[in-house]
Protein chains: 2
Amino acid sequence: MLEWLKEPEINFPDQLQHAGFEHGVCVGQIQAKAGLTQSTVSEYLSILQRAGFIESKRVGQWTYYKRNEGAFEALSNLIQSNL
Amino acid sequence: MLEWLKEPEINFPDQLQHAGFEHGVCVGQIQAKAGLTQSTVSEYLSILQRAGFIESKRVGQWTYYKRNEGAFEALSNLIQSNL
DNA sequence: CAAATATATCGACTTTTCCCGATATACCAA
DNA sequence: TTGGTATATCGGGAAAAGTCGATATATTTG
């Protein structure tokens, strides 16, 4: 999912017809692509958010998730310096 | 354990009296510091080795493990470029 | 407000991981 | 070769993570 969110236009072309990608990709799109149930994907996304790898933005009835690039940079640096 | 192996002299001073750190630190030393059983530590180390993070060298009845710094560098780069 | 849609949360079940004791293997010393 | 020490492997029980269906919450539309 994290890799998918790197290129929303390529991995979630369906969303383009309804909304842009300013705030990220909505749960339903990710769920469809993942092939897991709605509840599983929702929980998974919330875990990634709590871990800081993605951010969420509620817009109407949709919740959009997008990557927090800083977290990946930080993780990369952490491995390089502390591990 | 991976962090411990960064500075063997500091984290495993006992070993200095018996051997150097050229080949790393032996299982017993790591086990004592970890506070886990011998079997658990042995298995853990073999997993880390299979993953490429450490290398082992058998010397007599001892097996010494040391870090493979390249693996950490590679992981850091992987996160930065692919994730 | 009622129905429809999107997402979140809950409880249970399954799968995986963690960690142990027991035992096997390898090596050394006498 | 026998006994002692160090490490590896095996089998199982406990803990954690993954996944689901059912249900709750939030939002939009009529």
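The chains referred to below are lettered A, B, ... by the order of the sequence lines, with proteins before strands, and numbering in each begins at 1.
For A:Gln38 and C:dA8, a side-chain-to-base donor-acceptor distance below 3.5 Å is present, hydrogens and geometry of angles not being considered. A donor-acceptor contact under 3.5 Å is formed by the side chain of B:Ser39 with the base of C:dG21. Taking only distance into account, the side chain of A:Gln61 never meets the base of C:dT7 through a donor-acceptor pair shorter than 3.5 Å.
D:dA22 atom P lies 17 Å from atom CD of A:Glu43, rounded to whole Å. Residue B:Leu48 contributes atom CG, which lies 15 Å from atom C1' of D:dA8 at whole-angstrom precision. As a whole-Å value, the separation of B:Met1 CE from C:dC18 P is 11 Å. What separates CG of A:Leu36 from P of D:dG18 is a distance of 11 Å, to the nearest Å. Note: OH (A:Tyr44) to P (D:dC20) measures 13 Å, nearest angstrom. The CD1 atom of A:Ile54 sits 10 Å away from the P atom of C:dA8 (whole-angstrom rounding). Protein atom CD of A:Gln31 is 13 Å distant from nucleotide atom P of D:dT19, rounded to whole Å. Distance, B:Asp14 CG to D:dA6 P: 13 Å, rounded to whole Å.
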Q. For A:Val41 and A:Ile30, what are the C-alpha separation, side-chain angles and deciding distance, and is it a side chain to side chain contact (heavy atoms under 4.5 Å, CB included)?
A. CA-CA 8 Å; A:Val41 173; A:Ile30 299 172; 4.0 Å; yes

(Q) side-chain hydrogen bond (donor to acceptor under 3.5 Å, both in side chains), that's the test. Do B:Ser56 and B:Thr63 meet it? Break it down for me. (A) CA-CA 6 Å; B:Ser56 75; B:Thr63 304; over 6 Å; no

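Of the residues listed (B:Gln49, B:Arg50, B:Glu43), the one engaging B:Ser46 in a side-chain hydrogen bond (donor to acceptor under 3.5 Å, both in side chains) is B:Arg50, and it is the only one. Each of B:Gln15, B:Glu22, B:Glu55 was checked for a side chain to side chain contact (heavy atoms under 4.5 Å, CB included) with B:Tyr64, and the lone residue meeting it is B:Gln15.
A donor-acceptor pair under 3.5 Å is formed between the side chain of A:Ser81 and the backbone N or O of A:Asn77. For the pair A:Arg67 (side chain) and A:Leu2 (backbone), a donor-acceptor distance under 3.5 Å is present. Listed for the B:Asn11 side chain is a donor-acceptor partner under 3.5 Å among the backbone atoms of B:Trp4.
Stem regions annotated for DNA chain D: C:1-30 with D:1-30, counting only runs of 3 or more consecutive pairs of Watson-Crick or G-U type with both contacts under 3.5 Å.
Ranking C:dA8, D:dT7, D:dT19 by closeness to the B:Ser42 side chain, first place goes to D:dT7. Closest contact between the side chain of A:Arg58 and the listed nucleotides C:dC20, D:dA8, D:dT27 involves D:dT27. Comparing atom distances between the A:Val27 side chain and each of D:dT7, C:dA8, D:dT19 picks out C:dA8 as nearest.
A:Ser42 and A:Ser39 share no donor-acceptor pair across their side chains, judged by distance under 3.5 Å alone.
Where A:Thr40 and A:Trp62 meet DNA chain C, the nucleotide closest to each residue was compared, and A:Trp62 sits on the side nearer the 5' end. Mapping B:Val41 and A:Tyr65 onto DNA chain C by nearest heavy atom places A:Tyr65 at the nucleotide closer to the 5' end. In terms of position on DNA chain D, the residue among A:Thr37 and A:Val59 whose nearest nucleotide sits closer to the 5' end is A:Thr37.
Using a 4.0 Å heavy-atom cutoff across all strands shown, B:Tyr64 reaches no nucleic acid atom at all.
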